[in-house]
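In what follows, a structure is listed as structure tokens, so that the remarks can point back to it.
The sequence lines fix the lettering, A, B, ..., with proteins before strands; numbering per chain opens at 1. Worth saying up front: this structure is predicted, and the values here are computed from it rather than measured.
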2 protein chains.
Amino acid sequence: MATGRTHRPATRSRGIPEATVARLPLYLRALTALSERSVPTVSSEELAAAAGVNSAKLRKDFSYLGSYGTRGVGYDVEYLVYQISRELGLTQDWPVVIVGIGNLGAALANYGGFASRGFRVAALIDADPAMAGKPVAGIPVQHSDDLEKIIEDNGVSIGVIATPAGAAQPVCDRLVAAGVTSILNFAPTVLSVPDGVDVRKVDLSIELQILAFHEQRKAGEEAAAAADGAGPVVAGRSDSADKGPDGDVPAVMPA
Amino acid sequence: MATGRTHRPATRSRGIPEATVARLPLYLRALTALSERSVPTVSSEELAAAAGVNSAKLRKDFSYLGSYGTRGVGYDVEYLVYQISRELGLTQDWPVVIVGIGNLGAALANYGGFASRGFRVAALIDADPAMAGKPVAGIPVQHSDDLEKIIEDNGVSIGVIATPAGAAQPVCDRLVAAGVTSILNFAPTVLSVPDGVDVRKVDLSIELQILAFHEQRKAGEEAAAAADGAGPVVAGRSDSADKGPDGDVPAVMPA
DNA sequence: ATGTCTTTGTGAACGCGTGCACAAAGATGG
DNA sequence: CCATCTTTGTGCACGCGTTCACAAAGACAT
């Protein structure tokens, strides 16, 4: 995840904790898989295992949405898919623009996970005139001069920034000025935005650095253990969800 | 950011909280920028602003590493860069393999943020025989038949999975069997790994879904406010780091 | 209808992370 | 050498998130 946060004020959205909101997409994916296999109902235990979380946590998460389960039976898969989709706002169409069509921007444009969740790539924007008109993922790239017009014409409220670091803040400012209120930032920069605009950050380098930290620690422990005459650790197989080198921490965050 | 977690057991690595570890790369980036401008020292207040965090939090984070500041002056930039780099394990070389050279894999191979932090792309691996030998980012793609040999020959301990969802778990199993102990997963799947292996997950679709949730909420509030006769909200500019629609939550997590 | 069994929904306790506010430490000037 | 000023390092309190453990609720069989 991106990185570095502060607990949000008292504005808890409609009583649903942020931690829960972040898990809903995870549940939704697991439920969608069950739905495709025509599984009618699922218990909290089963679904929790599929999503890689604690079953009590899952039940508490669902309790924030309402009482959608049946005691002694479990949850109705289709009904839950609908409720979560509605809660996340996925029942409506979200036009999205991607700014910065380099390798990453092109990869995002081609990413299939967007369309399947109600997200529609409305436009691809790049500052390089040579890119203009060139189709990427079947969509012609438009020049950034037209950014404002594109945003307004398509009613875009979500923007994805995949530009180099230096261009990110100016692009962000223009997106916000044009009406975008949610930004997913892949550029390695801290963006400054007005109140009311949400920013989530994904930083690939930071993720690797966190892994490196734990990798180094493991190497150190192993060496220490070897020095003690004891062998390396490593035990039984476990679901990665309930251990993790990092417990919680976001490499993707609001910022 | 990837998603869904559980607090790690009591194994707090060398006393450094996970939340702190996740912020160290952020500080490092800000410090590197200062270093390039030849700024000799920086106060916690200034650095915190650059990294988008609370200054007290920053000081407490640094206190876990030791007392590297000078009261009345601040922190020595170069020294702090070195200490954080060492703490994160970036002073050593980390060979990394990327498995799955589609759009995303290619984008990762070309990503400049890796090399600059001690990460070296040792090999690109893909299951498609047609890709074999074809250079991506100047590195010839190798066939997945040779995965185990590549891992061992290069002493790789960190693997990046950018395959389709279906291939992720088998690839993960082979990586782990070959000796990889840290995995960065871009495939939309919950990976199961043995104890001792760290997994971090980055899910682009989940990030957008979280944004959509808040976007929907904002739209609802605005409508409600309009119905009350009051105008939309939106106030002054603020640094996004200390508000956020999501406070904390990780879309990237251990799982 | 009644009893048993399964599974949900949640009260309560605990722990981590955050941020305030201040004392201690050092620099700097007279 | 002393006074003042800046900035660190941290004790403390607060709140969120997680987890346990159990009572309530419904299904199902008899």
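- By the side chain to side chain donor-acceptor pair (under 3.5 Å) test, B:Ser205 is found to be paired with B:Gln209, residues two or more places apart in sequence or in another chain being considered.
- What separates CD of B:Glu18 from C1' of C:dG17 is a distance of 12 Å, to the nearest Å.
- Listed by first then second residue, pairs satisfying salt bridge (charged side-chain N to carboxylate O under 4.0 Å, His left out) with a partner in residues 69-83 of chain A number zero, not counting sequence neighbours.
- Per the geometry, CG belonging to B:Asp61 stands 13 Å off C1' belonging to C:dC16, to the nearest Å.
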So which protein nitrogen or oxygen atoms get under 3.5 Å of nucleotides 8-12 of chain C's nitrogens or oxygens?
from	atom 1	to	atom 2	distance (Å)
C:dT8	OP1	A:Ser44	N	2.5
C:dT8	OP2	A:Ser44	OG	2.6
C:dT8	O2	A:Arg71	NH1	2.8
C:dG9	OP1	A:Gly69	N	3.1
C:dG9	OP2	A:Tyr75	OH	2.6
C:dG9	O4'	A:Arg71	NH2	2.9
C:dG9	N7	A:Arg59	NE	2.8
C:dG9	O6	A:Arg59	NH2	3.2
C:dG11	O6	A:Lys60	NZ	3.2
C:dA12	N6	A:Lys60	NZ	3.0

Could you run down the sub-3.5 Å N/O contacts of the protein with nucleotides 2-4 of chain D?
none

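- If you look at B:Tyr79 and B:Tyr68, their ring centroids are closer than 6.0 Å.
- With sequence neighbours left out, A:Thr163 forms a side chain to side chain donor-acceptor pair (under 3.5 Å) with no residue at all.
- Residue A:Asn54 has no polar side-chain atom (N or O) positioned under 4.0 Å from OP1 or OP2 of D:dG17.
- Remark: C1' of D:dT19 and CZ of A:Arg23 are 12 Å apart, rounded to the nearest angstrom.
- As a whole-Å value, the separation of A:Tyr64 OH from D:dG17 C1' is 8 Å.
- Evaluation of the side chain to side chain donor-acceptor pair (under 3.5 Å) rule for A:Ser182 yields B:Glu215 as partners, not counting sequence neighbours.
- Within the structure, the salt bridge (charged side-chain N to carboxylate O under 4.0 Å, His left out) test picks out the following pairs touching residues 26-50 of chain A (sequence neighbours left out): A:Arg29-B:Asp203.
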| task | Go through A:Arg59 and A:Ser44 one step at a time and tell me if the side-chain hydrogen bond (donor to acceptor under 3.5 Å, both in side chains) criterion holds. | result | CA-CA 6 Å; A:Arg59 288 197 298 275; A:Ser44 62; 3.0 Å; yes
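- Remark: P of C:dT6 and CD of A:Glu46 are 14 Å apart, rounded to the nearest angstrom.
- Spacing between atom CG of B:Leu58 and atom P of D:dT10 amounts to 14 Å, rounded to whole angstrom units.
- With sequence neighbours left out, the side chain to side chain contact (heavy atoms under 4.5 Å, CB included) criterion links A:Val96 to A:Phe119, A:Ile158, A:Val160.
- With rounding to whole Å, B:Ile16 atom CD1 is found 12 Å from C:dG17 atom P.
- In this structure A:Tyr82 satisfies the side chain to side chain donor-acceptor pair (under 3.5 Å) test with no other residue, sequence neighbours excluded.
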